[in-house]
Amino acid sequence: MKSKLYVNEIGYRPEDKKIAVYCGKEAVKYTIIKDGTECVSEGVSGEGVYNSTTNDYEIKIDFSDIKECGTYVVKAGEVFSVPFTVAENVYEEVRKSLMRFFFLQRCGVELTKEYGGDYAHKICHNTPARIYGTDMFKEVNGGWHDAGDYGRYIVAAAVTLAALFHAIENDESLLKVDMQIPESGKAMPDILSEIRYELEWMLKMQDEATGKVYHKVTCAGFCDFIMPEYETEELIICPFSLTATADFAACMAMAVKFYEPYDKAFADRMADAAKRAYAVMRSIQVPGGFLNPEGVVTGTYEDKNERDEQYWAAAEMYKAFGDELYKKEFEDYVNQEIMHGYGWEDVGSFGNLAYLSTTYPTDETVSRKLREAMVEKADLLMKKCEANNFDISFDENDFIWGSNMYIAENGSHLFDAYKITGDEKYLEAAKEHIQYIFGKNPCNVCFITGFGTNQVLEPHHRPSAAAKKAMPGMLIGGPDSGLHDPDAIRDCTGLAPAKCYTDKLLSYSTNEVTIYWNSALLMLMAQVL
Ligand code: G3I
Ligand code: 9MR
Ligand code: ZN
């Protein structure tokens with residue numbers, strides 16, 4: 001049986017805060033054991049505290065004083081933790097693996113054995129796609145498979161790239177990572193080459209005539225657990241949407257400055273695409289937002305509130321191009337309602353960061369309002385952290401589909417407050433969200449495939465299933481108390497919200513992966529590690 005003593009399974013750097021969580025009510029004696037035998041610290045814990053998200057009593061064991069590099073285990077009562085490392089560069093490998101995932105998700109190209117390894121596949125999804133409801137076909141090859149499925153969705157793509165751009169801005173060392181991709185060794189940093197692969201596809205998803213952007217390209221339904229070249233049903237381009245067009249404008253505007261030094265023509269192409277999309281986005285009003293047209297059942301990225309996407313676009317357009325119009329439009333939105341979010345559905349925070357970081361003139365009152373709202377948001381999260389023994393900003397209602405993305409996103413909100421106030425308590429709180437993902441969680445698993453001792457083995461990811469081996473470096477969705485698939489219903493009914501997770505191939509609502517979950521984690525790691 002797995003132990004009930006949860007630690008960060010990937011490890012700690014010498015100066016990091018180190019907390020193990022023991023599941024139990026009565027105080028226990030604990031020891032920290034180095035290299036298998038040496039007891040380097042011991043003590044008696046406090047008493048268990050009830051946690052409504054796990055329906056357990058838990059005790060925190062703080063061993064932050066352990067700073068010497070080595071391999072350790074924690075023993076509390078008769079329970080041992082998994083072994084973990086303390087070392088300076090302990091996160092290097094996981095970072096690279098999380099980055100490399102994007103390469104492995106490439107569509108429309110052959111992944112050779114040399115670069116693709118166990119996930120090598122022939123060229124896929126390279127036939128022209130039918131524009132829904134017409135007899136017209138368009139070539140939209142390229143980009144990354146979204147997730148465990150092989151669809152390609154603009155909303156998902158745009159927020160993924162936004163998070164990756166923020167990751168680069170917070171940690172320039174990402175520009176030096178050798179991702180072992182075919183473009184490695186060129187002047188353009190690998191991460192920018194990889195992002196460009198997605199941008200080139202996104203550009204194809206914009207209608208030349210109108211500047212509007214198609215919502216997605218997928219087959220009519222989801223295929224079996226096969227490698228992508230075997231999904232050969234007709235590709236369908238679904239109608240334009242406001243969310244896709246606004247997110248596209250925001251993302252293209254953001255991308256311009258990263259590519260200007262390497263490829264001015266490409267940067268100009270994106271600037272033009274952004275402006276055209278922004279100019280038409282509001283004309284794509286569909287009541288209730290995008291929904292699947294008849295006969296198509298793939299992901300919808302359905303979004304009832306389309307204002308935050310326009311808010312984000314206005315801010316990025318202003319930051320990139322400095323036109324007074326964009327400034328005014330963003331400020332008008334802010335004066336009505338300040339929005340937040342770093343996920344696919346709510347993107348307001350990207351807008352806030354853009355406005356606060358532009359080098360063009362801004363209105364001090366608007367900036368102050370934004371900063372105050374961001375700190376207020378973080379303060380609400382801090383309250384939740386204090387009430388949760390795992391030091392995460394979640395209560396029992398927060399474990400929804402893709403909960404691990406919201407864990408990462410909340411970490412970024414806390415980081416924002418740290419940047420604004422300089423108060424380290426927010427930074428410390430943000431870091432605990434990473435510890436949770438790395439293994440200090442009541443599911444007792446490291447939520448990144450291929451890492452930790454208690455690993456995710458059966459992710460809902462078609463190439464992994466086809467290769468019979470979990471692709472490494474994928475952040476999985478995590479607990480979802482909504483029980484949105486039959487396996488979750490079977491395995492998790494009656495469990496506390498924080499434990500509604502099952503490592504089963506068919507549990508897409510708890511055990512899938514997506515490009516924008518990996519990017520959310522990379523963004524937070526770049527900010528706080
Ligand atoms: O926003 C509400 C919230 O207000 C409410 O309290 C909560 C309670 O359940 O639900 C929240 O909505 C959930 C939403 O995710 C939050 O992001 C929905 O219940 C939930 O069904 C929805 O799940 C989305 C899922 O598609 C189904 O639409 C996931 O976020 C989204 O990541 C996922 O995306 C899929 C793509 O469609 C296809 N490709 C794979 C990808 C990952 O599973
Ligand atoms: O594989 C699909 C996954 O990417 C989606 O997130 C999920 C929800 O839309 O659907 C998955 O596909 C399943 C489908 O919805 C129902 N039949 C089984 C499919 C594979 O598990
Ligand atoms: Zn493909």
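Note that ligands are numbered from 1 as they come in the structure, with each ligand's atoms numbered from 1 the same way.
- The residue among Tyr150, Phe222, Tyr301 with a heavy atom at the shortest distance from atom 35 (C) of ligand 1 is Tyr301.
- Within a 4.0 Å radius of atom 5 (C) of ligand 1, the protein contributes no non-hydrogen atoms.
- Counting heavy atoms closer than 4.0 Å to ligand 1, residue Tyr406 contributes side-chain atoms (C-beta onward) but none from N, CA, C or O.
- For the pair Ser403/Phe394, a side-chain contact is recorded, criterion being any heavy-atom separation below 4.5 Å from C-beta on.
- Taking every heavy atom of Ala147 and a limit of under 4.0 angstrom, the matching atoms of ligand 1 come to 39 (N), 40 (C).
- Between Tyr426 and Phe415, the ring centre distance reaches or exceeds 6.0 Å.
- Within the 4.0 Å cut-off (strictly below), no protein heavy atom is located near atom 2 (C) of ligand 1.
- Between Tyr342 and His166, the ring planes are perpendicular. Angles over 60° get that label, and only those under 30° would be called parallel.
- Residue-level proximity to ligand 1 for Glu302 is absent, since no heavy atom of it falls below 4.0 angstrom.
- Atoms of ligand 1 found under 4.0 Å from any heavy atom of Glu345, numbered from 1 in the order shown, are 1 (O), 16 (C), 17 (O).
- Expressed to the nearest 0.5 Å, how far CG of Asn511 lies from CE of Met474 amounts to 9.0 Å.
- Every atom of ligand 1 with a heavy atom of Asp146 under 4.0 Å away is listed here by number and element: 38 (C), 39 (N), 40 (C), 41 (C).
- Nearest to atom 40 (C) of ligand 1 among the protein's heavy atoms is Glu512 OE2, 3.1 Å.
- Side chain of Asp346 to main chain of His340: no donor-acceptor pair is present (N/O by atom type, distance under 3.5 Å, no hydrogens or angles).
- Counting only heavy atoms from C-beta outward, the side chains of Met202 and Ile154 approach each other to under 4.5 Å.
- Considering only heavy atoms from C-beta on, Asp503 stays 4.5 Å or farther from Gln455 through its side chain.
- Residue, atom and distance of the protein heavy atom nearest to atom 22 (C) of ligand 1 are Trp401 CB, 4.1 Å.
- Ranking the protein heavy atoms by distance from atom 28 (O) of ligand 1 puts Thr300 OG1, 4.8 Å first.
- Ring geometry, Trp344 versus Tyr301: the interplanar angle exceeds 60°, so the pair is classed perpendicular (tilted spans 30 to 60°).
- Geometrically, ligand 1 and Trp344 share a nitrogen or oxygen pair separated by less than 3.5 Å.
- Looking at Ser97, its side chain never comes within 3.5 Å of a backbone N or O of Glu93 through a donor-acceptor pair.
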Distances for all N or O pairs of ligand 2 and the protein under 3.5 Å?
unit_1   : atom_1 : unit_2 : atom_2 : d
ligand 2 : 1 (O)  : His460 : NE2    : 2.6
ligand 2 : 1 (O)  : Arg462 : NH1    : 2.8
ligand 2 : 1 (O)  : Arg462 : NH2    : 2.9
ligand 2 : 4 (O)  : Glu512 : OE1    : 3.2
ligand 2 : 4 (O)  : Glu512 : OE2    : 2.7
ligand 2 : 6 (O)  : Glu512 : OE1    : 2.7

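- Considering only non-hydrogen protein atoms, atom 34 (O) of ligand 1 sits nearest to Tyr516 OH, 3.2 Å.
- By the side-chain contact (heavy atoms from CB on, under 4.5 Å) test, Leu356 pairs with Ser367, Leu370, Arg371, Met374, sequence neighbours left out.
- Within the sub-2.8 Å shell of the Zn ion (ligand 3), the protein contributes these N/O/S atoms: Cys107 SG, Cys124 SG, His125 ND1, His145 NE2.
- For the ring pair (Phe, Tyr, Trp, His ring centres under 6.0 Å) condition, the pairs that include at least one residue of residues 210-229, sequence neighbours left out, are Tyr214-Phe240, His215-Phe290, Phe225-His460.
- Protein non-hydrogen atoms do reach within 4.0 Å of atom 17 (O) of ligand 1.
- Heavy-atom proximity to Ile400, at under 4.0 Å, picks out these atoms of ligand 1: 7 (C), 8 (C), 16 (C).
- Ring orientation note: the planes of Tyr259 and Phe165 are nearly perpendicular, at an angle over 60° on the 30°/60° scale.
- Ring geometry, Trp144 versus Phe102: the interplanar angle falls from 30° to 60°, so the pair is classed tilted.
- A cation-pi arrangement, defined by a distance under 6.0 Å to the six-membered ring centre and an angle within 45 degrees of its axis, is present between Arg196 and Phe266.
- For atom 12 (O) of ligand 1, the nearest protein heavy atom lies 4.0 Å or farther away.
- For Phe399 and Tyr406, the distance between ring centers is not under 6.0 angstrom.
- We find the CG-CZ distance between Asn8 and Phe438 to be 6.5 Å, quoted to the nearest 0.5 Å.
- Nearest protein heavy-atom neighbour of atom 42 (C) of ligand 1: Thr514 CG2, 3.4 Å.
- Ligand 1 places these atoms under 4.0 Å from at least one heavy atom of Asp149: 38 (C), 39 (N), 40 (C).
- In this structure, Tyr311 contributes its side chain and Phe350 its backbone to no donor-acceptor pair below 3.5 Å.
- Two residues are said to be in side-chain contact when any heavy atoms from C-beta on lie closer than 4.5 Å; Leu483 and Thr493 meet this criterion.
- With a 4.5 Å cut-off on side-chain heavy atoms, Met270 and Leu203 count as touching.
- Nearest protein heavy-atom contact of atom 37 (O) of ligand 1 is Gly299 CA, 3.1 Å.
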